[in-house]
Structure formats: structure tokens, C-alpha cells
Amino acid sequence: MKRKRLIYNTALMTGASLLMSLISMTFQVWLAGRIGADGIGLYQLVLSVTFLAATFAISGIRFAATRLVSEELGLGRRGGAYAATGKCFAYSLLFGISAGLILWFCAEPIGFLWIGDARTVRALKISALSMPLISLCAVISGYFTACGRVWKPTLTHLVEQLATVGLVAFFLSHTPQGDIEKCCCSVMLGTVCGDALSLVLMLIFYFTDAGVRKKSAVGAHLTSRMLKIALPLAFSAYARSALSTLQHLLVPKGLRASGLSSNKALSDYGTVSGMVMPVIAFPACVLTALSELIVPELTAAQVNEDTEEISRISKGIIKKGLGYSAAVALFMFVFAGKLGIVIYDSPEAGHFIRLISPLIPVMYTDVLIDGCLKGLGQQVWSMGINILDAMLGVILTWKLLPLYAMSAYIGIIYFSECLNFALSLWRLRQIMPARTRNSSTKVTSTATANRVKPRENLPF
């Protein structure tokens with residue numbers, strides 16, 4: 001039954017992710033044509049700061065909600081799942097409102113001092129309105145993922161995306177084409193409206209969900225358990241997001257220091273970050289959906305000490321992910337030039353797609369390994385790897401971009417992705433034999449008492 005549910009939910013989320021990624025990429029192509037590569041570059045800088053604020057707004061609560069609800073459901077406590085979600089709501093409101101206020105009142109110093117472009121200030125203030133909306137949606141999405149009813153957040157995200165695209169197009173139609181500051185504000189305003197619609201739909205789905213009304217036993221110490229999951233993950237996410245944002249802000253500055261003009265630096269940064277990377281990431285939506293869905297499955301198997309299920313899920317998805325990503329990488333490498341022309345009418349974009357395409361197997365497989373680590377309670381270790389990766393990325397960007405321009409930028413992308421993959425895989429392999437020994441001892445002891453043959457040769 002669990003396997004059928006996983007297959008159904010994976011197929012549902014994969015189909016929806018493909019559709020949403022297609023819509024997103026089509027919209028990105030249209031947006032690049034509407035506001036230009038330099039406009040995309042400015043928009044990416046606003047997004048990097050918004051992402052940092054959103055990290056603080058969420059503060060690890062989405063994964064905490066998924067993990068905590070999965071634990072309660074795995075132990076048969078549906079009332080505990082409802083109570084855990086209520087705790088997560090209070091947590092998300094506190095951090096979401098705080099993030100919005102900080103971003104609103106700090107928009108000017110961030111725009112003038114951090115980004116170094118006054119045209120970003122108004123867009124940052126608009127994006128501040130989304131922070132409480134994002135944090136609340138994260139809790140409900142985590143709840144439905146743990147419950148196995150992923151069609152509800154999936155449908156919500158699809159409606160949100162369609163509404164956002166329509167609203168952005170409407171606002172941009174009333175914006176002067178050459179004014180990239182107002183164009184960025186229009187895009188952010190459409191995004192905020194889409195987030196508001198998403199929250200309304202999520203709340204409707206949550207309060208009409210049959211599982212919410214079921215009362216039963218409640219697990220002890222829900223608040224402390226939530227904080228133990230969310231806070232370490234939050235602090236790790238803060239560090240990683242701050243470093244990632246700093247790296248993004250350093251890229252245009254480093255390119256300008258290498259001798260490029262301001263517009264050329266912004267344009268090249270926008271081409272790679274806002275045009276090429278969405279194409280590279282588009283096929284990964286299949287694996288991203290699977291990575292998210294295996295978290296509650298692995299958590300449930302872990303609390304029930306089902307080591308065979310853990311082994312089957314982990315090994316199976318990594319093998320499939322390697323095969324799929326290798327095929328995608330070959331396709332991207334061979335047809336990179338045509339993709340650049342057909343999608344963006346840009347030979348330069350095609351050139352960068354070909355340069356980055358050999359990295360696809362590493363990037364895609366790392367997504368699956370990250371899902372395995374989170375499902376097995378290794379989220380803090382996973383974030384530690386991400387922090388180290390981001391820290392080294394900042395140092396390399398600061399030192400190498402003024403000397404080697406875009407060649408250094410591509411090299412840094414390769415280094416960061418390979419380092420993250422290698423450390424994540426190493427950690428997964430490290431915990432596997434440890435779990436084998438612990439599980440074997442425990443199972444053998446239980447088997448002796450109950451005259452049941454113990455499991456042997458388990459990888460965890």
C-alpha cells in the first residue's frame with residue numbers, strides 16, 4: 001500500500017512539476033524578451049535577497065512539519081499530527097512577520113549598500129509583503145506531504161503559478177518597456193499576489209481536510225521536538241542563504257572588476273543565472289518531486305526500524321536518478337546550440353548550456369541524496385555541507401572573478417556542485433554501515449527473545 005501511494009504521489013508530483021516547470025521556463029523566456037538580459041540580471045539580484053528573507057521566514061518549518069507529522073502518523077497518532085501542525089503555524093507566523101518587517105525597513109540600506117543599485121529598493125519592499133504568506137504555506141505544504149495528500153499543495157502551486165504569470169503580464173503591460181526598475185516592481189507585485197492566492201487556497205484545503213478533524217492520542221513534547229528539528233535547520237539555512245546571497249551579489253561586482261561594463265556584467269550574470277540555469281534545472285523537476293516524497297517514507301520506515309525498506313528506497317532512487325541524469329546531460333550537450341537559439345534566440349545561452357551540461361548527473365543525483373539524508377534525520381549535516389559549499393563559493397567568487405571573469409564563474413559552479421555531491425554521498429555511505437550494526441544488534445536481540453530469525457546483510 002505504501003509503495004502504491006509513493007508511486008501515485010510521485011507520478012502526480014512529477015506530472016505537475018513538469019507542467020509547472022514548463023510554464024516557468026516559458027514565462028522566463030518571455031520575461032527575458034520583455035525586460036532584456038540586464039533586466040533579468042537586476043531581477044536575479046532582487047531574488048537573491050528575497051530568497052534570504054524567505055529562508056528566515058520559513059526557518060526550517062516546512063521540513064519540521066513534514067518530519068513531525070510523519071513521526072506522529074507513523075506511530076498511529078493522528079491527533080498528534082494535527083497538534084503538531086498547530087505548533088508549526090505559531091512558529092511560522094512569528095518568523096514570517098519578522099522577516100517581512102526586517103526586509104521592509106532594511107530595503108534602502110540593502111539596495112544602496114549591499115546590492116549597490118538603488119533600482120532594487122522598491123522591488124525589495126514589495127517582496128517583503130510575501131514573507132508571512134510564504135511561511136504559512138510552507139507549514140500546510142509540509143503537513144499534506146507527510147499525510148500523502150500531495151495533490152492539494154500541487155494543485156495550489158499550479159493555480160498560483162498560472163495566476164502569477166497572468167498578473168505579472170498584466171502589470172508589465174502597464175509598465176514602460178525600458179524602465180527595468182518598474183519592470184522588476186511589476187514582477188514582484190505579481191508574485192506577491194500569487195502568494196496571497198496560494199495561501200487562501202491552502203487554508204481552504206487544510207480546514208476542509210478530513211484528517212484535521214480526527215482526534216486521537218497526542219505525542220509528548222511537540223514544541224520541543226519541533227524546535228529541535230526546525231531551529232538547527234534554520235540556523236544552518238540562514239548561514240547558507242546569507243553566503244549564497246553574498247556570492248550572487250559579488251558576481252556582477254567581480255565581473256565589473258574584471259573590466260566588463262556595468263550593463264555587460266549584469267547581462268552576463270543574467271544570462272547564466274536567469275536564462276541558462278532554468279533550462280539546466282528544468283528536467284530535474286522529476287527528481288525533485290521524488291526527493292520530496294521519499295522524506296516521509298524514509299522517516300516512517302526509520303521510526304518503525306524497517307531497515308529493508310530504507311535500503312530499497314535509497315538504493316533504488318539513486319540508481320534511477322543516475323541513469324536519467326546521464327541521458328539528460330547527453331541531450332543537453334548535443335543540442336545546446338539549438339536550445340539556445342530556439343528558447344532564447346541567443347547563441348551565447350547555448351554556449352553556456354553546453355559548458356554546464358556535463359555537470360547535470362552530479363547536480364541531479366545530489367538532489368536525491370539530499371532527500372535521503374533528510375528522510376533519515378541527517379538534515380543538519382546536509383545543511384552543514386551546504387554551508388561549507390557556499391562559504392568556499394564566496395571566497396572563490398571574491399578572489400577569482402576579477403581575474404578570470406566568466407571562466408571563473410563557470411569553474412566555481414563546477415567546484416561547488418562537485419564538492420556538495422561528494423560530501424553528501426560520503427555522509428550517506430557513512431551512516432549506512434553504522435545503521436547496519438545498530439539495527440543488526442537490536443534485531444538479533446529481539447529475535448532471540450521471540451524466536452524469530454534476524455535480518456542479515458542490511459546496508460543500514
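Just so it is clear, the model here is predicted, and its values are computed rather than measured. In this chain, numbering begins with 1 at the start of the sequence shown.
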Partner residues of T164 under the side chain to side chain donor-acceptor pair (under 3.5 Å) criterion, sequence neighbours left out: none

Residues that E71 engages under salt bridge (Lys or Arg N to Asp or Glu O under 4.0 Å), provided they are two or more places apart: R67, R225

Under 3.5 Å, which donor-acceptor pairs do the side chains of residues 125-133 form with other protein atoms, sequence neighbours left out?
residue : atom : partner : partner atom : Å
S127    : OG   : T50     : OG1          : 3.4
S127    : OG   : L124    : O            : 2.7
S130    : OG   : D195    : OD2          : 2.8

Mutual orientation of the aromatic rings belonging to F144 and Y206 [parallel < 30°, tilted 30-60°, perpendicular > 60°]: perpendicular

R354 side chain to F333 backbone, donor-acceptor under 3.5 Å: yes

T55 and S241: side chain donor to acceptor below 3.5 Å: yes

Flag side-chain contact, heavy atom, 4.5 Å: Y414 against P358: yes

Parallel, tilted or perpendicular: rings of F331 and F335 (30°, 60°): tilted

Qualifying salt bridge (Lys or Arg N to Asp or Glu O under 4.0 Å) pairs, either residue in residues 400-423, two or more places apart: none

Atom pair OG1/CD of T397 and Q247 - distance to nearest 0.5 Å: 3.5 Å

Residues that Y324 engages under side chain to side chain donor-acceptor pair (under 3.5 Å), provided they are two or more places apart: none

All side chain to side chain contact (heavy atoms under 4.5 Å, CB included) counterparts of K87, not counting sequence neighbours: L222, T223, M226

Backbone N/O of V362 and side chain of T365: donor-acceptor pair under 3.5 Å: no

Residue pair L68 / T85, side-chain heavy-atom distance below 4.5 Å: no

Distance-only donor-acceptor pairs under 3.5 Å for side chains of residues 381-395, two or more places apart:
residue : atom : partner : partner atom : Å
S382    : OG   : D370    : OD1          : 2.3
N386    : OD1  : N420    : ND2          : 2.7
N386    : ND2  : S382    : O            : 3.3
D389    : OD1  : S416    : OG           : 3.2
D389    : OD2  : N420    : ND2          : 3.2

4.5 Å side-chain heavy-atom contact, M406 and F352: yes

Contacts of V334 that satisfy side chain to side chain contact (heavy atoms under 4.5 Å, CB included) - sequence neighbours left out: L330

Between OG on residue S357 and CE on residue M332, distance to nearest 0.5 Å: 8.0 Å

Contacts of L203 that satisfy side chain to side chain contact (heavy atoms under 4.5 Å, CB included) - sequence neighbours left out: I140, L199, F207

L255 side chain reached by P402 side chain, heavy atoms, under 4.5 Å: no

Exercise answer: donor-acceptor pairs, residues 269-287 side-chain atoms, under 3.5 Å, sequence neighbours excluded:
residue : atom : partner : partner atom : Å
Y269    : OH   : H248    : ND1          : 2.8
T271    : OG1  : S267    : O            : 2.8
S273    : OG   : Y269    : O            : 3.4
S273    : OG   : Y409    : OH           : 3.0

Pairing residues for S24 by the side chain to side chain donor-acceptor pair (under 3.5 Å) criterion, not counting sequence neighbours: none

Residues in side chain to side chain donor-acceptor pair (under 3.5 Å) contact with S98, at least two apart in sequence or another chain: none

Pair W426 and F421, ring centroids less than 6.0 Å apart: no

